Amino acid sequence: MRLLLRIIQSVPASSHALYSALCRSLLNLAERTRAIRDASLEGIADLIVDEARQLMSDVECVLSVVSEQHPDNFTVIAGAGAWAKTTVGGEWPVAGTLNGRALLTQQTVDTEDAPSESSTPHVFGEQIRVGRLVPILGSHPLPDGRMVLGVLGFWRASTRFTTDERAVIDAFASYASLQVVGLEARRASVVIGDRLAFAHRVSLDLQASLVPSDIVQRLLMTTLSIVHADRATLSTIEDDVITIEATLGAGGQSTWVGRRYGNEFFTLQPEVGEAVRERRPVLGGALNADNAAPEFRTALAKTKHTLTLPLVIADKTVGLLVLSRVDDTPFTDQDLEVMELIGSIAALALRNARQFEQIQQTGQAKSEFLNMAAHELRTPITVVQGYLDLIRSGAFGELPDAVTSPVDLIAGKAAELGSLVTNILDAARLQAAPPVLPSSVFDLREEVAEAVKRAEARRALLEGTLLYEPPPGPIEVEAGRGYVGRVLDNLINNAMAYQVEKPWIHITLTAEADAAISVEDHGLGIPEDVQPRIFDQFFRVGRPPWNRAAGTGLGLFLSRQFARTAGGDLRLDISELGVGTTFVFLLPLADAAAPRS
């Protein structure tokens, strides 16, 4: 309202009657526009020209707009007065017209002989000569980039507009511009919001799977439903070779083609070649059915309109999505905008799925090789360990003192190798089919005490310190008991291995929301840049002093997998270089009513 008052007060009051009429018209326009819910641009335009006609009864008022899609033309959407109504719905070029001059210069245009100054004199007939055309301007660009939205024209037969009339027209047009700009700004914001929401939905849909065939199927189905096409075809491009991956008809039957073409394909299909070169969507007619794959010839012969969308990543076209219609309904600019949104998302989703598939295949091949190698190594290692046990037990006679130490060293290394083989086999089994352990209720203090007892021999050998004070009362958990000891052994052995001097390890057992076993050491610590990767399979810190300890990079990977299989979890709590590291092993507490194992 304050803005409305400022507009009214800006008009010189030399003509009291005209000033009063302006006040009434602007107040009426404000009330009428406020009363309309979900107003359209055409509805607001009708109110504006109607109030302008009441403001100056001998004036014909015309409101025309320039659309985002067709900036070179303007369209009349509202008119008040006998002649003005005949222009509604008409579309004329901006260039060479009086409206165009107001639009291009962003300045008010006055004319006293409209037919002679316009490239469209027939529009004015015999009765219209004088006009004042005020551009509808925004103070800032709209979300779609437009600053000038249209023109509000005041026309009459021959009488020139007086100074007071021009001031009143300008004031009225100023408020009318606010109404139009505000409505278009809200509409543009809604459109942008809808597009973002749509892009988000498509993104979620395409991210629901990392299987390339699923991504392709979802992409084809989504595009068919959104733009109401009769067929969608997806191709990939690599090294100037285009591979037609799949095509899907509106009936829902997909065909996996796999037909490959070289550069000649782009010559046969100019629209496709243009889309690849320009890296932008291209609208076109029917594609060339000659020399096409047999699967496509019948479909191509029926096609009347196509939309070719390049899938682009880092300024490189990696694929194509071609949509077609068999009826005489061309694809629109709105279809292009929607498909451009889909294209970027689809290209990334398809690339990620391909990369994931390659990683899976590489990982599967590696697991199969390691599984085979571990199985082949297990038998000879078992035989070696068996004979070493016999030798050390004296089955072949008492060992000379000079031989005892080397035999013990060999036995230790054989045990290490056996442990490595076991870890490799466990990793392969976990990847193939994670085991399901039966849950039982047990006192976790017992498992920790057993792990400490197993570590005692190595602690004594390294002259280290291993502290553990069990809680006074039982801490009962409900979990898969079989892997709990394995996790604790790995954590304690790691804490002993990655030390600067003599190991110092402190184990605590607490119970709050979960049972928590903390294994703290005063060792090397873990570099911050590799901490996110320490639970990855086969990962090891590959630089001194961490790489001096023997291992395969499977210990922490297996420990976390075992912890989760047991029903809990394993996480890195804190680690600081030269200070030490703390891991926390979590297990769910048992229900008080659960039976104890």
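Note that the coordinates shown come from a computational prediction; the quantities given were computed from them, not determined experimentally.
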Going through the distances and angles, do K302 and D230 end up as a salt bridge (charged side-chain N to carboxylate O under 4.0 Å, His left out)? CA-CA 10 Å; K302 297 177 181 178; D230 296 303; over 6 Å; no
Please output the side-chain donor-acceptor pairs of residues 274-281 that fall under 3.5 Å, not counting sequence neighbours, one pair per line with the distance.
from: E274; atom 1: OE2; to: R280; atom 2: NH2; distance (Å): 2.6
from: R277; atom 1: NH1; to: G273; atom 2: O; distance (Å): 3.4

Of all residues at least two apart in sequence or in a different chain, which pass the side chain to side chain contact (heavy atoms under 4.5 Å, CB included) check with T108?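 With neighbours one apart ignored, the set is R132, V134, P135, D170.
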My understanding is that only residues two or more places apart in sequence, or in another chain, count here; which of them pass side chain to side chain contact (heavy atoms under 4.5 Å, CB included) with T243?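 Only T236, V241, E245, R260 meet the side chain to side chain contact (heavy atoms under 4.5 Å, CB included) criterion with T243.
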Determine the interplanar angle of the W83 and W155 rings, folded into 0 to 90°, and report it as parallel if under 30°, tilted if 30 to 60°, perpendicular if over 60°.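 Rings of W83 and W155: perpendicular, as their planes differ by over 60°.
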Closest contact, heavy atoms only, D46 versus I77: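 It is OD1-O, 4.2 Å.
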Grab the two heavy atoms, one from V94 and one from L104, that are nearest each other, plus how far apart they are.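 Heavy-atom minimum between the residues: CG1-CG, 3.9 Å.
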Side chains of F74 and V151: does their closest heavy-atom pair fall under 4.5 Å?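 A side-chain contact is absent here, since even the closest heavy-atom pair is not under 4.5 Å.
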How about L41 and V180: do any of their side-chain heavy atoms sit closer than 4.5 Å?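 They are in contact (side-chain heavy atoms under 4.5 Å apart), so the answer is yes.
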Results of salt bridge (Lys or Arg N to Asp or Glu O under 4.0 Å) for E165 - residues two or more places apart only: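 For E165, the residues satisfying salt bridge (Lys or Arg N to Asp or Glu O under 4.0 Å) (neighbours in sequence not counted) are R156.
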State, without any angle test, whether D327 and H305 hold a side-chain donor-acceptor pair at a distance under 3.5 Å.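 There is no such pair between these side chains.
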Set of ring pair (Phe, Tyr, Trp, His ring centres under 6.0 Å) partners for F331, sequence neighbours left out: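 Expected list: none.
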Just jot down the side chain to side chain donor-acceptor pair (under 3.5 Å) partners of D573, sequence neighbours excluded, or say none.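 Testing D573 for side chain to side chain donor-acceptor pair (under 3.5 Å), a comparison that skips the adjacent residues, returns R571.
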